[in-house]
Amino acid sequence: MSENEKMPTDAGAPAETTAAPTDSSTPAETAASATPAAAEPSAAEQRGEAIGERLASLEAEEKAAAATPEGEKADRKKHVGVIVAAVVFAVLLIGAGVAYSVLAPAADNKQIEVTGTDAVQETEVDAADDTGDGNGTNAATTPAPDFTMTDADGATLTLADFKGKPVLLNFWASWCGPCQSEMPDIQTAWKEHGTDVEFVIVNMTGMNGETEQSAKAFLADAGYTFPCYFDANNSAATAFGVSSIPQTYLINAEGNIIGAYMGAMDASVLAQGIDMLTDNTGEAAQ
């Protein structure tokens, strides 16, 4: 019977009678004519049954193959491969953690967590948090992390050696294009303000193959005469968490970070930083 056909539901209707079979009809044929025909499976059901049979067949084949010596050997190799992959992944995670701990800043993230936009970012704190160590009632009070470096003659000194005068601290390398673009403005600013502000231009020696020789050659070829220092033992990179360059920090005479800029500075940004440093110097004198 088709899906659109329905069986009679009137209980009072007389039951239909089936004609008696003729002598040529068999009992089986008679019984078949008295029952509705079974509905044929749809195409979707047929496909589903075929897929199920195929999956069952594949599962049986896999089980049979796994039971053989060759199958057991392949299964062991598969498990060994998974274990090796897990070990390699763990080693990579450990290596990444070690690299991060080496490059992470030794100082509090709050004091150097700034991003360069189109202006120097100040790092002042609220007056309620001011301990009085900085300049004015709303000055930064966290000291810049100290580090060691060498000068052009190989002498060792520290950032703390410059305490007493405001410092423009810059990190760079000779292979760094953005660093090269800001060097002419740094040279000009140093000539104009070098007596009032200490320019601590630190070369990231060792970063991406940078060497003291390549840095000196670059400065000589370009005619730059500002003082340059070298981070040969990664002391500065560790203290400030330097993983990209250029970076510039403004440090007041008391050794506190008052501003920073991430990326290449132009003349206007550099002038703004110098104004912040010299303004602080003026306030301290008052």
Side-chain angles (χ1 to χ4, degrees), residues 94-116 120-121 123 133-134 140-176 178-180 182-183 186 190 194 197-219 224-265 273 277:
I94 295 172
V98 171
Y100 178 81
S101 64
V102 170
L103 294 177
D108 186 358
N109 288 336
K110 177 183 177 182
Q111 68 184 35
I112 57 177
E113 188 176 323
V114 291
T115 57
V120 176
Q121 301 295 299
T123 58
D133 296 331
T141 55
T142 304
D146 199 16
F147 60 86
T148 60
M149 53 190 149
T150 58
D151 62 15
D153 297 323
T156 301
L157 64 162
T158 67
L159 180 62
D161 292 337
F162 296 93
K163 194 172 182 179
K165 288 181 66 175
V167 172
L168 186 144
L169 174 64
N170 176 269
F171 299 117
W172 73 286
S174 62
W175 47 259
C176 167
C179 300
Q180 296 175 13
E182 67 180 2
M183 287 297 179
I186 292 178
W190 173 72
V197 177
E198 293 283 3
F199 282 68
V200 182
I201 313 301
V202 181
N203 178 259
M204 295 286 94
T205 313
M207 179 183 284
N208 287 358
E210 179 77 333
T211 65
E212 185 173 333
Q213 292 74 21
S214 61
K216 288 181 175 179
F218 168 79
L219 295 174
Y224 298 131
T225 56
F226 51 74
C228 181
Y229 305 91
F230 303 93
D231 185 31
N233 59 0
N234 294 323
S235 177
T238 301
F240 277 81
V242 180
S243 59
S244 63
I245 50 178
Q247 294 185 20
T248 303
Y249 295 90
L250 307 177
I251 303 171
N252 65 15
E254 284 72 30
N256 300 314
I257 297 177
I258 62 171
Y261 191 85
M262 306 294 121
M265 299 179 292
L277 290 172

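This one's a predicted model, so the numbers in the text were calculated from it and none came from an experiment. Positions are given from 1, in the same order as the sequence printed here.
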Looking at Gln180 and Tyr224, what are the two nearest heavy atoms and their distance? O-OH, 4.3 Å
Would you mind reporting whether Leu157 and Tyr229 have side-chain heavy atoms less than 4.5 Å apart? yes
Apply side chain to side chain donor-acceptor pair (under 3.5 Å) to Glu212 and list each qualifying residue two or more places apart in sequence or on a separate chain. Lys216
Partners of Glu210 by salt bridge (Lys or Arg N to Asp or Glu O under 4.0 Å), sequence neighbours excluded? none
Nearest 0.5 Å, what's the CG-CD1 distance between Asn256 and Ile251? 9.0 Å
Close side-chain approach of Asn170 to Val202, heavy-atom, < 4.5 Å: no
Using 30° and 60° as the class boundaries, would you call the ring planes of Phe147 and Phe240 parallel, tilted or perpendicular? perpendicular
Does Leu168 reach the side chain of Trp190, with side-chain heavy atoms less than 4.5 Å apart? no
Name all residues meeting the side chain to side chain donor-acceptor pair (under 3.5 Å) criterion together with Asn233; count only those two or more places apart in sequence or in a different chain, and write none if there are none. Thr148
Under the salt bridge (Lys or Arg N to Asp or Glu O under 4.0 Å) rule, what pairs show up with a residue in residues 144-164, not counting sequence neighbours? none
Look up atom SG in Cys228 and atom CH2 in Trp172, then write down how far apart they are to the nearest 0.5 Å. 5.0 Å
Roughly how far, to the nearest 0.5 Å, is the OG atom of Ser235 from the CG atom of Leu159? 9.5 Å
Only counting residues at least two apart or in another chain, list the ones meeting side-chain contact (heavy atoms from CB on, under 4.5 Å) with Thr150. Thr156, Phe230
Gap between atom OH of Tyr249 and atom CE of Met262 - 0.5 Å precision: 3.5 Å
Spacing of CE belonging to Met207 relative to CG belonging to Asp231, to within rounding of 0.5 Å: 8.0 Å
What is the distance from atom CG of Leu219 to atom OG of Ser174, rounded to the nearest 0.5 Å? 8.5 Å
For Ile257 and Ala144, work out which heavy atoms get closest and say how close. CG1-CB, 3.7 Å
Test of understanding: with side-chain contact (heavy atoms from CB on, under 4.5 Å), list the residues that count as partners of Ala264, not counting sequence neighbours. Pro178, Ser181, Glu182, Pro246
